[in-house]
Number of protein chains: 2
Amino acid sequence: MEHNLRDYFEKTLKEVAIDCVIFGFHAGELKVLLLKWKGTDGWSLPGGHILLDESANDAANRILMERTGLGEIFLQQYYTFGAVNRYTHYSEAELLEKLEITFGKGFFEGIIFRRTVSIGYFALVEFDQVSPAPDWFTDECRWWNLADVPALLFDHNEMIERALTALRQHIRNQPVGYNLLPEKFTMPELQRLYETILDRQFDRRNFQKLLMSYDILEKLDEKRVGVANKSPFLYRFDKLKYERAMETGVAFSM
Amino acid sequence: MEHNLRDYFEKTLKEVAIDCVIFGFHAGELKVLLLKWKGTDGWSLPGGHILLDESANDAANRILMERTGLGEIFLQQYYTFGAVNRYTHYSEAELLEKLEITFGKGFFEGIIFRRTVSIGYFALVEFDQVSPAPDWFTDECRWWNLADVPALLFDHNEMIERALTALRQHIRNQPVGYNLLPEKFTMPELQRLYETILDRQFDRRNFQKLLMSYDILEKLDEKRVGVANKSPFLYRFDKLKYERAMETGVAFSM
DNA sequence: TTTTCTTTGTGTAAAATTTACGCATTGAAA
DNA sequence: TTTCAATGCGTAAATTTTACACAAAGAAAA
């Protein structure tokens with residue numbers, strides 16, 4: 001294992017990292033996937049390094065796949081973090097110390113703990129499709145409600161903040177939902193997604209009118225049953241039309 | 001010189017480059033600043049590397065300063081280019097060959113020609129304030145009309161394209177002009193700037209109404225004299241209000 | 001000197017978009 | 001069987017955006 005690790009890092013760019021803010025949506029809450037580092041109480045975003053024969057975008061996709069099992073997912077670069085000191089919470093020395101207890105003295109020397117810039121990506125994934133998987137480096141991988149995210153390692157809190165800003169910018173020009181919601185969903189569910197991301201309320205009649213005007217939704221003949229009160233219709237995204245709307249753009253003007 | 005160069009690169013991140021798309025505006029045309037590499041007919045964007053004790057943003061500002069003499073200028077990161085092979089126009093081998101003729105065999109070994117990702121920044125500067133300055137590496141530095149930009153080294157044509165896209169996105173939410181126009185300017189000049197960036201025409205009455213609604217412009221008692229036909233009023237940006245508008249954002253809705 | 005002609009300065013009406021809101025219907029829960 | 005919160009659908013008001021006309025300035029032409 002240790003040997004493989006060294007091999008891996010020999011094949012990567014050392015001064016460049018990739019970190020992914022993976023957003024999910026469940027029970028009306030926006031969530032991010034975080035990893036807990038072995039031997040510490042420190043959490044971080046899933047990240048990694050770029051293989052020498054791999055583009056940054058491919059690397060981000062690989063990392064997303066490793067952590068969630070999902071490919072072909074909406075994934076977008078949003079900012080590159082290039083501060084001189086990106087350690088918060090723990091200093092570099094403190095973190096190193098803790099990790100050496102778990103992984104052995106000198107194990108990380110020259111591998112991770114040098115100055116790196118990190119390219120931030122955010123991804124939108126379908127909550128139910130993800131089986132969060134820790135790796136050799138971490139002993140836990142799970143969803144956190146955005147509001148409950150603790151103080152993270154490095155500058156990862158800032159990364160999440162900026163990713164959310166980028167997502168909010170994104171949702172104003174592109175449709176959102178294809179990767180965040182299950183295949184079939186109701187209009188109130190879609191509305192709640194938008195309301196959660198933008199942290200405000202919309203009039204449901206105007207919301208429906210606007211979203212339908214994008215011509216990306218297919219209204220099904222089914223209704224969600226067993227739910228309280230009047231059962232709402234189910235909708236599904238028309239994949240082709242959705243993709244076309246991603247290219248041409250839409251104006252979420254509410 | 002050669003020794004200083006090596007010293008410099010010893011103090012920088014080697015796998016990360018910074019490239020700046022520096023936009024200027026003159027005579028109704030949008031321009032970018034390009035450098036011609038010694039011993040080649042290849043042009044590129046001004047760029048450089050990050051010093052070990054310097055943030056990426058500081059590095060971009062330093063590069064901008066080195067090339068234009070300007071500081072405190074609007075400068076924004078817009079994308080990080082991470083393709084495996086970023087050589088176009090010339091291949092890595094061809095470029096190396098040409099440069100070795102000028103700079104001597106082996107001079108660049110291990111310094112520049114390894115795989116790097118590049119963080120792209122775009123800057124908006126006041127054309128008249130800039131005295132383009134080539135460096136030891138280049139023998140010419142000058143403005144190019146955006147439409148006339150030739151095939152550039154590396155992926156720099158793509159960088160300019162994406163920078164323009166980012167600028168067009170930017171202008172929809174933030175006021176533009178403070179750094180691109182001289183201190184005093186006329187409303188038609190400001191309008192031409194917007195028209196050039198967005199590559200479309202606006203009704204001058206609606207344009208004036210909208211821009212004045214931002215409450216960032218100060219109408220002066222002077223007029224531009226000596227110009228053909230009716231002399232237009234001069235305006236100037238209110239720096240404080242302009243900066244406030246940059247923070248709160250504006251909606252350029254035309 | 002006078003006339004011409006392009007450019008600028010200003011205001012108002014029409015069109016389109018966005019927002020506000022009413023009421024009937026459904027179906028689980030009381 | 002009744003209640004009641006949530007859903008489905010449509011219309012009016014408010015706001016924003018777009019379209020457009022005419023007078024005035026001043027350099028250039030006659």
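All chains are named by letter (A, B, ...) in the order of the sequence lines, taking the proteins before the strands, and each is independently numbered beginning at 1. Quick note: numbers below take in every heavy atom, side chains included, and nothing from hydrogens, waters or symmetry partners.
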Return the value, rounded to whole Å, for the distance between atom CZ of A/Arg200 and atom C1' of C/dT18. 12 Å
Looking at the side chain of A/Arg204, which of C/dC23, D/dA21, D/dA5 is the nearest nucleotide? C/dC23
Could you give the CD-to-P distance, from B/Gln201 to D/dC20, as a whole number of Å? 16 Å
Side chain to side chain donor-acceptor pair (under 3.5 Å) filter on B/Arg86, not counting sequence neighbours, yields B/Thr116, B/Asp155
Would you indicate what A/Lys209 reaches in the nucleic acid, counting non-hydrogen atoms under 4.0 angstrom: base, sugar-phosphate, or nothing? base
Quiz item: A/Lys230 side-chain donor-acceptor pair to D/dT7 base, under 3.5 Å: yes
Quickly work out the A/Leu217 CG to D/dG8 P distance and round it to whole Å. 13 Å
Closest-nucleotide ordering on DNA chain C, the 5'-leading residue of B/Lys219 and A/Asn229: B/Lys219
N/O donor-acceptor pair, side chain A/Lys223 with base C/dT25, under 3.5 angstrom: no
A/Arg205 vs B/Val225, nearer the 5' end of DNA chain D by closest nucleotide: A/Arg205
How many Å lie between CG on A/Leu210 and P on C/dA16, as a whole number? 18 Å
What is the nucleic acid contact for B/Met254, judged by heavy atoms within less than 4.0 Å: base, sugar-phosphate only, or nothing? sugar-phosphate
For C/dT26 and A/Ser231 - does any side-chain N or O of the residue sit under 4.0 Å from the phosphate oxygens OP1/OP2? no
Starting from P on D/dT17, measure out to CZ on B/Phe207 and report it in whole angstrom. 14 Å
Would you call the rings of A/Phe23 and A/Phe122 parallel, tilted or perpendicular if under 30° counts as parallel and over 60° as perpendicular? perpendicular
Rounded to whole Å, the CZ-P distance (A/Phe202 to C/dC21) equals 17 Å
The side chain to side chain donor-acceptor pair (under 3.5 Å) partners of A/Glu222 (sequence neighbours excluded) come to A/Lys184
Okay, side chain of A/Asn61, backbone of A/Asn57: is any donor-acceptor separation there less than 3.5 Å? yes
Interatomic distance where CG belongs to A/Leu220 and P belongs to D/dG8 [whole Å]: 12 Å
Should the side chain of A/Asn206 and the base of C/dA20 be counted as holding a donor-acceptor pair, with the cut-off at 3.5 Å? yes
Is A/Arg162 positioned over the aromatic face of A/Tyr79, cation under 6.0 angstrom from the ring centre and no more than 45 degrees off axis? yes
Between B/Ser253 and B/Gly226, who's closer to the 5' end of DNA chain D by nearest nucleotide? B/Ser253
What is the distance, rounded to the nearest whole Å, between atom CG of A/Leu190 and atom P of D/dT7? 13 Å
